[in-house]
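In this chain, residues are counted from 1 in sequence order.
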Amino acid sequence: QVQLVESGGGLVQSGGSLRLSCAASGSIFSISDMGWYRQAPGKERELVAAITRGGSTNYADSVKGRFTISRDNAKNTVYLQMNSLKPEDTAVYYCNAEVWVHWGRASSDYWGQGTQVTVSS
């Protein structure tokens, strides 16, 4: 069994910063891609940022230049540094990871339970 636990969410004023973290634990052989998604009330869940095991990154256009995704493979942890936050960034942020639990077997996607980020104007 694999668990992803997010932390670091909270309430911040417009222009402020937050740093989210997501730690994976359990039966893990290896983790390939990791990413952050978010879902605002009444909207669909969307990809915010993703990072490969080798460190290649991709960002949603709305967060480019403001957010930075990174990871520590030794700790099975992914981070999202969020700067210059805007009210439009308010959402529940979810961690996602593609996890290999055994060599030679198919990987599976796992999700965290989410952490609330609220940006006030």
Side-chain angles (χ1 to χ4, degrees):
Q1 186 177 11
V2 176
Q3 290 183 317
L4 302 180
V5 180
E6 304 102 330
S7 62
L11 175 64
V12 65
Q13 291 184 327
S14 180
S17 298
L18 285 173
R19 180 177 170 86
L20 306 182
S21 63
C22 172
S25 62
S27 182
I28 300 173
F29 176 77
S30 182
I31 302 177
S32 54
D33 295 349
M34 303 185 81
W36 289 95
Y37 292 72
R38 67 186 182 188
Q39 187 167 24
K43 297 184 179 180
E44 297 181 353
R45 187 174 299 188
E46 64 175 352
L47 176 67
V48 177
I51 185 169
T52 68
R53 184 172 183 84
S56 297
T57 59
N58 284 292
Y59 298 91
D61 289 340
S62 60
V63 306
K64 286 182 179 178
R66 300 188 299 120
F67 291 9
T68 302
I69 188 170
S70 61
R71 64 190 289 172
D72 186 334
N73 292 334
K75 297 180 178 179
N76 289 328
T77 300
V78 63
Y79 306 93
L80 185 67
Q81 179 66 46
M82 304 185 293
N83 298 325
S84 301
L85 283 163
K86 305 174 181 179
E88 306 93 272
D89 296 317
T90 296
V92 177
Y93 284 69
Y94 297 90
C95 176
N96 172 263
E98 181 186 8
V99 180
W100 298 76
V101 300
H102 193 280
W103 179 263
R105 298 180 181 177
S107 64
S108 299
D109 282 342
Y110 290 87
W111 293 87
Q113 59 284 318
T115 184
Q116 177 70 47
V117 172
T118 302
V119 184
S120 62
S121 59

Exercise. Below 4.5 Å, heavy atoms only, C-beta onward: do W36 and N96 meet side chain to side chain?
Worked result: no
For this session: Report yes or no: is the cationic atom of R19 (NZ for Lys, CZ for Arg) closer than 6.0 Å to the six-membered ring centre of Y79, at no more than 45° off its axis?
Result: yes
For this session: Output every pair passing salt bridge (charged side-chain N to carboxylate O under 4.0 Å, His left out) with a member in residues 93-111, not counting sequence neighbours, ordered by first then second residue.
Result: none
Problem set entry | Contact summary for L4 and C95, nearest pair of heavy atoms | CD1-O, 3.8 Å
Problem set entry | Side-chain touch N83/S17, heavy atoms, less than 4.5 angstrom | yes
Exercise. Just wondering, do V101 and I28 contact through their side chains at under 4.5 Å, heavy atoms?
Worked result: no
Exercise. Considering only heavy atoms from C-beta outward, does the side chain of R38 approach that of R45 to under 4.5 Å?
Worked result: no
Exercise. Looking at the rings of Y37 and W111, which for Trp means the six-membered one, are their centres under 6.0 Å apart?
Worked result: yes
Exercise. What residues, two or more places apart in sequence or in another chain, satisfy ring-ring contact (aromatic ring centres under 6.0 Å, His included) together with W100?
Worked result: none
Exercise. Is a side-chain donor-acceptor pair under 3.5 Å present for T118 with Q116?
Worked result: yes
For this session: Calculate, to the nearest 0.5 Å, the distance between atoms OH and CD1 belonging to Y110 and I31 respectively.
Result: 10.5 Å
Problem set entry | Non-hydrogen side-chain atoms of V92 and T115 separated by less than 4.5 Å | no
Problem set entry | Value rounded to 0.5 Å, distance of CG in D89 from OG in S14 | 8.5 Å
Problem set entry | Whether N73 side chain and R53 backbone form a donor-acceptor pair below 3.5 Å | yes
Exercise. With no hydrogens and no angle check, do the side chains of E46 and Q39 hold a donor and an acceptor under 3.5 Å apart?
Worked result: no
Problem set entry | Distance-only polar pair, side chains of T77 and D72, donor-acceptor under 3.5 Å | no
Problem set entry | Candidate pair T68 and Y59, rule side-chain contact (heavy atoms from CB on, under 4.5 Å), full reasoning | CA-CA 8 Å; T68 302; Y59 298 91; 3.8 Å; yes
Exercise. Going from OG on S56 to CD1 on I51, what distance comes out if it is rounded to the nearest 0.5 angstrom?
Worked result: 8.0 Å
For this session: Starting at CG of N58, measure out to CG of L47 and round the result to the nearest 0.5 Å.
Result: 8.0 Å
Problem set entry | Side-chain heavy-atom pair V48, F67 within 4.5 angstrom cut-off | yes
Exercise. Are M34 and I69 close enough that some pair of their side-chain heavy atoms sits under 4.5 Å apart?
Worked result: no
Exercise. When you measure from the side chain of T90 to the backbone N and O of E88, does any donor-acceptor pair fall under 3.5 Å?
Worked result: no
Problem set entry | Spacing of H102 atom NE2 and S107 atom OG [to the nearest 0.5 Å] | 14.5 Å
Problem set entry | Counterpart residues, ring-ring contact (aromatic ring centres under 6.0 Å, His included), relative to Y94 (two or more places apart) | none
For this session: Spell out, as yes or no, whether a donor-acceptor pair under 3.5 Å connects the side chain of R71 to the backbone of T52.
Result: yes
Problem set entry | Separation of Q113 CD from C22 SG (nearest 0.5 Å) | 8.0 Å
Exercise. Under a 4.5 Å cut-off applied to non-hydrogen side-chain atoms, are Q13 and V119 in contact?
Worked result: no
